[in-house]
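One structure below.
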Amino acid sequence: MKEKQVPNLRLSDQIKIIFFFLMFSCFVRPQTIETRDDFKIFYDQYNVSGSFVLYEQNEDKYIFYNQSQFRQPFTPASTFKICNSLIGLETGVIKDENFVLPWDSVTRWLPTWNKDQDLKSAFRNSTVWYYQELARRVGGEKMKYWLDLAKYGNADTSDGIDHFWLTGGLRITPEQQINFLRRLHDNKLPFSQRSMEIVKEIMIAKDTLNSVVHAKTGWGQQDDTNIGWYVGYVEKNDDVYYFANCIQTKDSENKDFARARIKIAYQIFNELNLIEK
């Protein structure tokens with residue numbers, strides 16, 4: 001059998017192919033990475049270590065401080081409330097952002113927790129008991145199903161339905177935080193658009209004329225170390241900037257730790273001219 005011969009292209013056709021290839025290449029912008037070691041001063045002033053990552057959507061650009069932690073798994077602590085809220089809404093355990101759970105009359109260390117809560121206030125105040133009750137009502141089987149479906153962190157629910165994100169095996173990396181937030185913003189998570197829109201709304205932490213910050217804090221312990229998070233995204237001028245600030249300290253007496261999570265992030269935002277001072 002004769003081999004099929006591939007016809008030679010005319011010179012003019014070759015030129016056209018090269019032209020179109022070059023034209024296409026001009027429109028494909030390579031991803032860029034910027035390293036900012038100078039951000040270390042923001043962590044040093046609060047006597048914490050940590051890392052920061054910001055992803056700018058339109059420019060396909062990453063800005064890193066301490067990139068070595070980008071794929072390092074940490075306890076999500078209360079940043080899991082983003083996913084927990086989505087699951088609660090999607091399963092019908094929570095009807096909407098106004099769904100109230102009555103306070104169980106147990107006095108806890110934070111005064112804002114010691115009253116009835118709806119989803120909005122529980123998210124804003126990071127009310128642990130509200131989300132523990134939410135998780136119990138969802139149940140272990142459904143919770144695991146949705147964690148796997150959403151590809152949230154390592155999806156580990158060990159240590160019980162109401163503790164797995166606090167003292168259990170659930171872990172998430174800064175990279176996974178960013179990717180989860182991107183899918184949330186773009187409505188690409190396996191939840192209804194209604195559920196995602198409600199969660200995006202309750203995540204609003206700062207709203208100005210020029211920008212809107214959607215965010216969540218977290219604070220947990222892992223291997224005798226305090227882990228603090230501030231994750232979210234900033235919408236500004238038709239662009240989106242996703243961020244994950246993760247701080248750590250072994251000093252349990254560090255009184256600045258709680259505020260450092262947010263303060264460091266906003267100092268970096270100011271340095272990048274992302275948000276008005």
Side-chain angles (χ1 to χ4, degrees), residues 76-147 149-150 152-153 157 160-166 170 172 177 180-209 211-220 229-235 240 242-243 258 261-262:
S78 286
T79 64
F80 178 64
K81 288 182 172 67
I82 299 171
C83 187
N84 207 354
S85 298
L86 288 165
I87 294 171
L89 289 162
E90 199 68 17
T91 56
V93 168
I94 306 172
K95 293 181 180 179
D96 54 31
E97 68 273 27
N98 300 309
F99 182 75
V100 175
L101 286 177
W103 178 42
D104 58 9
S105 299
V106 176
T107 301
R108 296 173 174 85
W109 68 278
L110 201 59
T112 54
W113 292 0
N114 300 324
K115 58 183 178 181
D116 295 352
Q117 306 274 326
D118 61 18
L119 183 63
K120 298 189 304 295
S121 66
F123 191 91
R124 181 177 63 250
N125 298 326
S126 209
T127 307
V128 172
W129 66 259
Y130 184 100
Y131 280 91
Q132 287 181 307
E133 178 59 23
L134 185 161
R136 286 190 288 265
R137 294 188 184 192
V138 169
E141 186 176 339
K142 285 184 180 179
M143 182 66 76
K144 176 62 174 170
Y145 168 81
W146 282 105
L147 285 177
L149 193 62
Y152 185 88
T157 57
I161 186 61
D162 52 5
H163 281 87
F164 68 88
W165 71 93
L166 299 168
L170 188 62
I172 192 167
Q177 293 272 26
F180 188 82
L181 291 164
R182 289 179 66 184
R183 288 185 290 144
L184 172 62
H185 176 271
D186 295 341
N187 293 325
K188 292 183 178 178
L189 286 171
F191 303 101
S192 67
Q193 184 167 344
R194 175 182 181 273
S195 295
M196 289 187 283
E197 292 300 334
I198 289 173
V199 171
K200 285 185 276 189
E201 186 69 21
I202 66 174
M203 284 178 65
I204 294 177
K206 185 180 179 68
D207 190 351
T208 69
L209 290 175
S211 62
V212 181
V213 181
H214 303 253
K216 185 70 191 78
T217 55
W219 182 354
W229 288 101
Y230 193 54
V231 305
Y233 58 91
V234 181
E235 296 173 310
V240 189
Y242 301 88
F243 64 89
R261 301 167 298 171
I262 303 174

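Just so we're clear, the structure is a prediction, and the values are computed from it rather than from any experiment.
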message = Apply salt bridge (Lys or Arg N to Asp or Glu O under 4.0 Å) to residues K200 and E197 and explain how you reach the verdict.
response = CA-CA 5 Å; K200 285 185 276 189; E197 292 300 334; 3.2 Å; yes
Shortest non-hydrogen pair, I172 vs G153, comes out as CG1-CA, 4.0 Å
Aromatic ring centroids of F243 and Y230 under 6.0 Å?
yes
Distance col, row M196:CE vs L189:CG, nearest 0.5 angstrom, shows 6.0 Å
In this structure, CH2 of W103 is separated from CZ of R108 (nearest 0.5 Å) by 8.5 Å
Within the distance-only criterion (no hydrogens, no angle test), does the side chain of Q117 pair as donor or acceptor with the backbone N or O of T112 below 3.5 angstrom? yes
Nearest heavy-atom approach of L110 to N125 is CD2-O, 4.1 Å
If the plane angle is over 60° it's perpendicular, under 30° parallel, otherwise tilted; pick one for F191 and W146.
parallel
So CZ of F123 and OG1 of T217: to nearest 0.5 Å the spacing works out to 8.0 Å
Exercise for the section: Kindly say whether W113 contributes a backbone atom to a donor-acceptor pair with the side chain of W129 at under 3.5 angstrom? Expected result: yes
Sidechain-backbone polar pair: R137 side chain, L134 backbone, donor-acceptor under 3.5 Å: no
> Is the centre of the F80 ring less than 6.0 Å from the centre of the Y131 ring?
Replying inline: no
To the nearest 0.5 Å, atom OH of Y233 lies from atom NE2 of H214 at 4.0 Å
Q.
Please check: side-chain N/O of R183 versus main-chain N/O of A150, any donor-acceptor pairing under 3.5 Å?
A. yes
Here the pair of heavy atoms bringing D96 nearest to I94 is O-CG2, 3.1 Å
**Asked** Quick one: are R124 and I202 in side-chain contact, heavy atoms under 4.5 Å?
**Response** no
(Q) What verdict does the side chain to side chain contact (heavy atoms under 4.5 Å, CB included) test give for T91 and M143, after you've listed the backbone C-alpha separation in whole Å, the side-chain angles of each residue and the deciding distance to 0.1 Å? (A) CA-CA 9 Å; T91 56; M143 182 66 76; over 6 Å; no
**Q.** Side chain proximity check, F164 to K144, heavy atoms < 4.5 angstrom
**A.** no
Any donor and acceptor pair, going by atom type alone, linking the side chain of R136 with main-chain N or O of I161 inside 3.5 Å? no
- prompt: Can you find a side-chain donor-acceptor pair between S126 and K216 that sits under 3.5 Å?
  reply: yes
Check step by step if side chain to side chain contact (heavy atoms under 4.5 Å, CB included) holds for L184 and M203. CA-CA 11 Å; L184 172 62; M203 284 178 65; 3.7 Å; yes
| message | If you define the side chain from C-beta out and look only at heavy atoms, does anything of L101 sit under 4.5 Å from T127? | response | no
(message) I82 vs F180, test: side chain to side chain contact (heavy atoms under 4.5 Å, CB included). Steps then yes/no.
(response) CA-CA 10 Å; I82 299 171; F180 188 82; 4.0 Å; yes
Residues Q132 and D162: closest non-hydrogen pair is NE2-O, 2.9 Å
Here the pair of heavy atoms bringing A258 nearest to W219 is CB-CZ3, 3.6 Å
Sub-4.5 Å side-chain heavy-atom contact between W165 and L147: no
Exercise. Are K120 and I198 close enough, and set up right, to give a side chain to side chain contact (heavy atoms under 4.5 Å, CB included), and what steps lead you there?
Worked result: CA-CA 10 Å; K120 298 189 304 295; I198 289 173; over 6 Å; no
Shortest non-hydrogen pair, D118 vs Y130, comes out as C-OH, 3.7 Å
- Query: Between D207 and V212, is there a donor-acceptor pair closer than 3.5 Å when you use the side chain of the first and the backbone of the second?
  - Reply: no
**Message:** I'd like to know if the side chain of E90 and the backbone of S192 have a donor-acceptor N/O pair within less than 3.5 Å.
**Reply:** yes
